[in-house]
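Worksheet for the structure shown next.
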There are 2 protein chains.
Amino acid sequence: MTAKTVLIVDDEAAIREMIAVALEMADYRVLEADNAQAAHALIVDEQPDLLLLDWMMPGTNGIELARRLKHEEATSELPIILLTAKSEEDNKILGLEAGADDYITKPFSPRELVARLRAVLRRTTPRGIEEAVEVEGLLLDPASHRVSSNGQALEIGPTEYRLLQFFMTHQERVYTRGQLLDQVWGGNVYVEERTVDVHIRRLRKALGEPHQHLIQTVRGTGYRFSTQL
Amino acid sequence: MTAKTVLIVDDEAAIREMIAVALEMADYRVLEADNAQAAHALIVDEQPDLLLLDWMMPGTNGIELARRLKHEEATSELPIILLTAKSEEDNKILGLEAGADDYITKPFSPRELVARLRAVLRRTTPRGIEEAVEVEGLLLDPASHRVSSNGQALEIGPTEYRLLQFFMTHQERVYTRGQLLDQVWGGNVYVEERTVDVHIRRLRKALGEPHQHLIQTVRGTGYRFSTQL
DNA sequence: GTATACATGACAATCTTGTGACAGGCACTT
DNA sequence: AAGTGCCTGTCACAAGATTGTCATGTATAC
């Protein structure tokens, strides 16, 4: 299992440090940010798997950031756990409305934190990230990082693998080249949109005749993974 | 698609010009300012979609302006790309802290600039809410960008798709050819009104026998989408 | 019956996408 | 260090699909 990346956003370095240590002990990869802007930049660049967000921060506060992230296509799926010093019900409601997936009130024990974090990841991690996905004999198994067609292993490059993984976990939906770049290549890369075409072609080629039709061109828009013709 | 507006703030006219040309080639609308005050005025007046901001400027410098914009409610969402001659890490950090969304060091190629600008705009543009519409077994699903008749996918071109989408979200109402051109083709295109007829025909053909009757001709006026005969 | 409005098929221009080739970057070996 | 193999991103050109128009056929209203 590849280590999950968690981004901690809190303005107090001491708290970040405390959490970071706890998470690293639990084998997570940890990123830190002390304000909303830096956090946003890191999210775009590093695509963390989960966000630990302090509710009260100078400048753009936690709720604000959460709301913004849920609003943007590329980050709307990112699970968020809010941290707060106050245990008021109000905050909880506001937080959940803003799109937080869970909520922890300070003070909390590292054990508790890790436990809830694990729980959130478990229920928000879509199939295909850890579990295998299978469609019409085409099997993608994240554990072994392999793709096979009716049991026969396929030769597939890293980018094509990520592209296929994204598609198989987001079926029946069109994505523009731009969205694919965001989701598969990662936020801050600067790559020609047409490059997507080339990788689509490589992916199709790798899938071979029997599964070609799953990767569909939507003229004037982008591409789609679909079992329907 | 309406062209996005980009405001360039730099004290050197030559650089502004260079950038402006590159952006105009890429179909952006360009505004220019040579100092922070003018920039602020333009931002308020014109509400650009993105700001290209030079880091070093006489008077209020770039960082200062960025920080100020992020602080004000009305402009806090405005994406900012910082331009700088120095490639020091320090600046990058300061810049991102001030709220910049990306960062480009001079010298840069117009290509790179446009690419990164596109990337920033892509991820800051909120996604639209898209819901499927269904009428008498005819289903149009914006998420998958697909039209199906009783579960059977239909072949449909881009323009016909937009036309159908417009009709299905504006049922039981007549539209003149002119109105359809405005709504479906977009405001400022010059196209013969008769062209609408042709696309109506193509749409009817694509829908096939079972749904032909939904697209109705209103003699002397235009067309209508209606479930009633 | 005749004028008007709409439907239809054909077509060339234009856009979009598919494809093969290529050069640079990187990791690993020799 | 140089060599090798693999992966990537980009380009140029080919292939294909879409688009707007026109000429002509057909329905409709008066």
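Reminder, nothing fancy here: chain letters follow the sequence lines and each chain counts from 1.
Listed pair A:Thr217 / C:dG18 meets the phosphate criterion, a side-chain N or O lying under 4.0 Å from OP1 or OP2. Of the side-chain N and O atoms in A:Arg201, none sit less than 4.0 angstrom from OP1 or OP2 of C:dT17.
With a 4.5 Å cut-off on side-chain heavy atoms, B:Arg118 and B:Leu121 do not count as touching.
B:Arg177 has its CZ atom 14 Å from the P atom of D:dT21, to the nearest Å. Summarising the geometry, the separation between CG on A:Leu203 and P on D:dG9 is reported as 14 Å, rounded to the nearest angstrom. Between A:Arg204 atom CZ and C:dT17 atom P the separation is 11 Å, expressed in whole Å. Going from atom OH of B:Tyr223 over to atom C1' of C:dA7 covers 8 Å, rounded to whole Å. Taking atom CG on A:Asp197 and atom P on C:dG20, their separation rounds to 14 Å, with Å as the unit.
Using the six-membered ring where Trp is involved, A:Tyr175 and A:His170 have ring planes that are perpendicular, over 60° apart on the 30 and 60° scheme.
Every residue two or more places apart in sequence or in another chain that forms a side-chain contact (heavy atoms from CB on, under 4.5 Å) with B:Arg116 is listed here: A:Tyr190, B:Asp102, B:Ile104, B:Glu112.
Around atom CD of B:Glu134, more than 12 heavy atoms belonging to other residues, nucleotides or ligands sit under 6.0 Å away. Within 6.0 Å of atom CD in B:Glu172, more than 12 heavy atoms from other residues, nucleotides or ligands are found, so the atom counts as buried in its surroundings. Residue-environment remark: CD (B:Gln212) exceeds the threshold of 12 foreign heavy atoms within 6.0 Å.
As judged by a 4.0 angstrom heavy-atom cut-off over every strand, A:Arg194 is placed among the base-contacting residues. Within the 4.0 angstrom heavy-atom criterion, no nucleotide atom of any strand lies near B:Tyr161.
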Base-contact (B) and sugar-phosphate-only (S) positions in nucleotides 15-20 of chain D, heavy-atom cut-off under 4.0 Å, - elsewhere: -BSSBB
